[in-house]
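Take a look at the structure set out below.
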2 protein chains.
Amino acid sequence: MPKETFFNLPEEKRQRIIEAAIAEFATHPFQQARVTVIADRAGIAKGSFYQYFEDKKDLYTYLMGLLFQKKMSYLNRDLVENRGKYPFFQLLREVFLSGIRFAKENPRLVPIGMMLANDKQLYREIFGQHEDASIEFFRQLLEEARAQGEIDPAIDPKVAATMLTGLVYSLTDLIVEDGKLDLDDMAIIDQMLYFAENGLKKKD
Amino acid sequence: MPKETFFNLPEEKRQRIIEAAIAEFATHPFQQARVTVIADRAGIAKGSFYQYFEDKKDLYTYLMGLLFQKKMSYLNRDLVENRGKYPFFQLLREVFLSGIRFAKENPRLVPIGMMLANDKQLYREIFGQHEDASIEFFRQLLEEARAQGEIDPAIDPKVAATMLTGLVYSLTDLIVEDGKLDLDDMAIIDQMLYFAENGLKKKD
DNA sequence: TTACAATGTGAATGTACGGTCATATGAATA
DNA sequence: TATTCATATGACCGTACATTCACATTGTAA
């Protein structure tokens, strides 16, 4: 956690520091991200940085918390909390859509998350032992959908959850990387959902 | 390319260096991998390292070449060259299988490949402009299968290729990471193919 | 206005590591 | 044995950072 001094800072300055950190972590993995660059960019002295944070990881961890919160805020709360009431594939569509909305509106945050996901060591240090949260989330939805007879019982929820997570990653990749594809976002999502739905749903 | 001195080395010593490099690059991304550790582990002096290689990247690039070759060697040659003769989903199964065989028999090489795939900058410096080779490969197969009427024409080959690549990555992950899953490899592959086949094949 | 605390600062410190170089070793040749 | 060439070596150099610290500035309360 940042030190108290950080939270005492005027909002504007705090924001500048966060912006600078985002800019640096969006372009460099944790180890290669430079405190000096963040401080310069935020217009504060290097010494001040250490008045606000224990060290580089302190800031990084804090930032990941903000990022996680932000990402969660894109999920439709009602849909998640009353998920039992909605058909699985509608939930799935909502999850995909929220991911895309998040990525479109916060393009700089996406690579930060990707880089963290790629560094399992660091990921565990920050979020604890938990499995990849997104696999866990899909697995839960899938278990419930299976119980409801919505999806093909031949499919193992853990494997399917892993595959769905893989799909989401590639989707994000496609959307964030410019000029990779001429389809628009909705078309891509539709393709993926179509694929996933046919792949998972209960066969007659 | 390594210098001539490297290729003049006795086989055994060359092997030791490669082993040491694999061990280091399997556990550290390129930038964090240490020449000193590789030299120590191989039992050579740091100075010698620079007799054999231009620099760290020289060794790394060479290693990636070996790795690529090795991976390719797992693909059934006949199936690829005469791919027109085989049904798409059989080809797909073969590709998945070869990927798993490779991963099972060379578990330390997998994270090396993953880390390179995650570093697009470096990837391009090493393999040139080409898109991710695996997406390209799947796209090609899909185009051909679509022309044959084997897969659903509503699906864009580029999107599908990206999705399949995403699937392969996540599955490799599942297989290499220990204790993540109790299914055996074949069961995982079958699940994945079942999923992909239902997702892609032409609907009646 | 002085005194004290809180905050800001960037020069200095320590360390890690890639890469170089002067020197040593050893095999082959004469 | 002396000479030469290829190879081996590890101390050394330079650089890039993360982090620290002695000092400066600012705010505040008496």
Side-chain angles (χ1 to χ4, degrees), chain A residues 1-64 115 119 121-122 125-126, chain B residues 1-64 115 119 121-122 125-126:
Chain A
M1 254 307 122
K3 301 181 184 171
E4 205 186 314
T5 48
F6 177 69
F7 295 107
N8 293 340
L9 252 31
E11 171 68 16
E12 186 272 327
K13 193 169 188 176
R14 227 179 320 143
Q15 218 37 247
R16 244 167 43 222
I17 294 171
I18 290 179
E19 281 303 310
I22 290 177
E24 180 67 0
F25 287 121
T27 48
H28 303 80
F30 176 73
Q31 299 279 0
Q32 286 162 250
R34 290 151 302 173
V35 170
T36 309
V37 170
I38 295 175
D40 285 357
R41 198 145 177 167
I44 63 172
K46 219 145 57 127
S48 301
F49 181 93
Y50 288 93
Q51 298 269 350
Y52 308 144
F53 306 99
E54 293 299 339
D55 52 25
K56 182 163 71 156
K57 193 147 112 192
D58 186 23
L59 163 60
Y60 185 76
T61 304
Y62 174 64
L63 203 60
M64 291 309 109
M115 284 189 250
D119 190 334
Q121 161 94 52
L122 190 59
E125 285 175 30
I126 287 177
Chain B
M1 252 309 123
K3 301 181 185 173
E4 205 186 313
T5 47
F6 177 69
F7 296 107
N8 293 339
L9 252 30
E11 171 68 16
E12 185 271 329
K13 193 170 187 174
R14 226 180 319 143
Q15 218 37 248
R16 242 167 43 220
I17 294 172
I18 290 179
E19 281 303 309
I22 289 177
E24 180 67 0
F25 287 121
T27 48
H28 301 82
F30 176 73
Q31 300 278 3
Q32 287 163 251
R34 289 149 305 174
V35 170
T36 308
V37 170
I38 296 175
D40 285 358
R41 198 146 176 165
I44 62 172
K46 208 148 67 129
S48 301
F49 181 94
Y50 289 93
Q51 298 271 354
Y52 310 143
F53 306 100
E54 293 298 340
D55 52 25
K56 183 163 71 157
K57 194 148 108 191
D58 187 23
L59 162 60
Y60 186 75
T61 305
Y62 173 66
L63 204 59
M64 291 310 109
M115 285 189 251
D119 189 336
Q121 162 95 51
L122 189 60
E125 285 175 28
I126 287 177

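The chains referred to below are lettered A, B, ... by the order of the sequence lines, with proteins before strands, and numbering in each begins at 1.
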Review point. Looking at DNA chain C, which of residues 22-39 of chain B put a heavy atom within less than 4.0 Å of it?
Key: B/A33, B/R34, B/V35, B/T36

Revision key, fill the gap. So ring pair (Phe, Tyr, Trp, His ring centres under 6.0 Å) across residues 30-49 of chain A, not counting sequence neighbours, yields A/F30-A/Y60, A/F49-A/F53

Using whole Å, what does the distance between atom [atom2] of nucleotide [N] and atom [atom1] of [X] come to?
X	N	atom1	atom2	result
A/K56	C/dT15	NZ	C1'	14 Å
A/R14	C/dG8	CZ	P	13 Å
B/D55	C/dT20	CG	P	8 Å
A/Q51	C/dT7	CD	C1'	6 Å
A/F53	C/dG8	CZ	P	12 Å
A/E4	C/dA5	CD	P	17 Å

Practice item. For the pair B/K56 (side chain) and B/A33 (backbone), establish whether a donor and an acceptor sit closer than 3.5 Å, ignoring hydrogens and angles. Key: yes

Practice item. Fit a plane to each ring of A/F6 and A/Y52, take the angle between them on a 0 to 90° scale, and name the class: parallel (under 30°), tilted (30 to 60°) or perpendicular (over 60°). Key: tilted

Are OP1 or OP2 of [N] and a side-chain N or O of [X] less than 4.0 angstrom apart?
X	N	answer
A/Y52	C/dG8	yes
B/Y50	C/dT20	no
A/N8	C/dA6	no

Sugar-phosphate only, base, or nothing, as touched by [X] at under 4.0 Å among non-hydrogen atoms:
X	answer
A/K46	base
A/K13	sugar-phosphate
B/F6	nothing

At their closest point, which heavy atom of [X] faces which heavy atom of [Y], and how far apart are they?
X	Y	value
A/A20	A/I38	CB-O, 3.5 Å
B/Q51	B/T5	O-OG1, 2.5 Å
A/Y62	A/M1	CD1-CE, 4.1 Å

Point to revise | side chain to side chain contact (heavy atoms under 4.5 Å, CB included) partners of A/E54, counting only residues at least two apart | key: A/K3, A/D58

Practice item. Using side chain to side chain contact (heavy atoms under 4.5 Å, CB included) as the criterion, list what pairs up with A/E12, not counting sequence neighbours. Key: A/R16

Check your understanding: Between which nucleotides of DNA chain D, read 5' to 3', does contact with chain A run, using atoms under 4.0 Å from its heavy atoms?
Key -> D/dC17 to D/dT20

Review point. Could you give all pairs that pass the salt bridge (charged side-chain N to carboxylate O under 4.0 Å, His left out) test and reach residues 21-43 of chain A, with sequence neighbours left out?
Key: A/E24-A/R34

